[in-house]
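As structure tokens, the structure follows; a few thoughts come after it.
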Amino acid sequence: METEATEKRDIRKLKLDELKAFFVQQGDKAFRAQQVYEWLWKKSAKDFEQMTNLSLATREMLKANFVINHIHVDTMQRSSDGTIKNSVKLHDGLIVESVLIPTEKRITACVSSQVGCSLACKFCATARLKRQRNLNPDEIYDQVVAIKQQSELFFGRPLTNIVFMGMGEPLLNYNNVLAAIEKITSPQGLNMASKRITVSTVGIAKMIRKMADDEVKFNLAVSLHAAINEKRSAIMPINDVTPLEELAEALEYWYSKQKKKVTYEYVVWKGINDKPEDAQALLKFCKRVPCKVNLIEYNPIDDGEFQQASDESLLMYMDLLERNGITCRIRKSRGKDIDAACGQLANKS
Ligand code: SAH
């Protein structure tokens with residue numbers, strides 16, 4: 001079977017200026033582009049029929065030239081703690097997951113940046129799905145829109161925060177993540193504050209430096225999990241590429257430019273990093289750059305190789321860090337019963 005010679009373009013790949021040029025080329029007014037752009041982003045239109053302030057002829061013309069590759073929430077699961085997990089179908093049939101996390105004060109959207117992941121962290125379920133492709137800016141944006149709507153519908157409250165802690169490594173899809181955030185924070189998009197957005201990375205030094213140079217306004221979190229090279233390399237292969245010293249130097253550079261604390265995500269596992277020497281190493285690492293530490297509860301991903309450390313070990317960490325002036329919080333996991341917690345996203349449904 002022959003494929004169609006001229007495949008329709010995804011209209012959301014066009015910048016506003018390109019859309020303007022298109023309308024002018026069609027013999028129409030440039031301001032039409034503005035109207036269409038508003039439908040596409042601010043109003044999240046899923047098809048051209050919705051664009052009721054355009055003439056039927058214009059809508060038909062757009063339909064003949066373009067498609068809107070909108071995501072589709074395939075299934076939605078609700079946890080007993082209120083957490084919602086969306087299984088999101090992309091235009092090419094691939095699936096990613098995103099999560100709504102409600103707390104008393106906030107509603108947070110946890111979004112994916114890639115289909116699968118290439119990083120192979122030993123404790124993470126997403127690592128078992130090989131990386132298939134990067135998400136486009138609109139696919140990231142749409143996940144946020146879907147959660148924003150659920151937030152209003154199910155909780156009667158606005159979405160307050162966004163974390164790039166779903167599937168994939170955001171800094172390996174940097175340009176698209178940046179473009180999505182640009183739309184999320186723009187008055188022409190969702191108009192959300194950059195300081196409410198956190199990008200979490202496994203710690204790719206080169207990209208952390210790039211973010212600093214780009215003067216991004218969002219927050220940075222690093223999945224640290226161990227501050228001793230041999231231990232970190234054993235659970236996170238990225239550490240062979242970017243060992244701790246190089247990571248620390250990149251973070252120092254980030255701080256020198258950004259003056260913003262870094263958040264370290266850290267899981268304490270039985271027999272892996274639950275000894276005083278591990279906590280001491282973390283403390284030493286924390287002294288390099290102003291930071292805070294989130295001790296995240298481990299979410300088992302079925303083979304029992306990793307086990308959550310005892311409460312005593314957590315308190316040992318907490319005590320040492322706090323005594324040395326480093327803010328440390330223990331983060332209970334959410335949405336565990338529906339595999340929506342950190343590291344559990346694996347397209348099981
Ligand atoms: N690739 C980025 C974004 C993913 S964020 C990053 O690594 O930061 C997902 C967070 O959950 C990371 O901090 C990750 O280390 C953590 N995580 C992965 N598997 C986990 C598990 N089974 N239990 C708890 N946290 C986990």
Study note, to complete from the structure: Correct closest heavy-atom pair for Asn219 and Lys260 would be OD1-CD, 3.5 Å

Exercise for review: Please report the shortest heavy-atom distance between Ile296 and Gln308, naming the atom on each side.
Suggested key: O-OE1, 4.3 Å

Point to revise | Heavy-atom check, side chain of Met51 versus side chain of Leu40, under 4.5 Å | key: yes

Practice item. Taking the side chain as every heavy atom from C-beta outward, state whether Val88 and Asp142 have any atom pair closer than 4.5 Å. Key: no

Is there a donor in the side chain of [X] and an acceptor in the side chain of [Y], or the other way round, less than 3.5 Å apart?
X: Asp213; Y: Tyr253; value: yes
X: Asn65; Y: Gln26; value: no
X: Asp74; Y: Ser87; value: no
X: Ser333; Y: Asn299; value: yes

For the [atom1] atom of [X] and the [atom2] atom of [Y], what is their distance to the nearest 0.5 Å?
X: Ile181; Y: Lys217; atom1: CD1; atom2: NZ; value: 12.0 Å
X: Met207; Y: Glu169; atom1: CE; atom2: CD; value: 9.5 Å
X: Cys291; Y: Leu321; atom1: SG; atom2: CG; value: 8.0 Å
X: Ile84; Y: Cys110; atom1: CD1; atom2: SG; value: 13.5 Å
X: Tyr37; Y: Leu19; atom1: OH; atom2: CG; value: 8.5 Å

Plane angle bin for [Y] and [X] - parallel if under 30°, tilted between 30 and 60°, otherwise perpendicular:
X: Tyr298; Y: Phe306; answer: tilted
X: Tyr141; Y: Trp41; answer: perpendicular
X: Phe123; Y: His225; answer: perpendicular

Point to revise | Met236-Ile301 co-clustered via ILVMFWY side chain contacts under 4.5 Å | key: yes

Check your understanding: Between Phe164 and Phe218, does the ring centroid distance fall short of 6.0 Å?
Key -> no

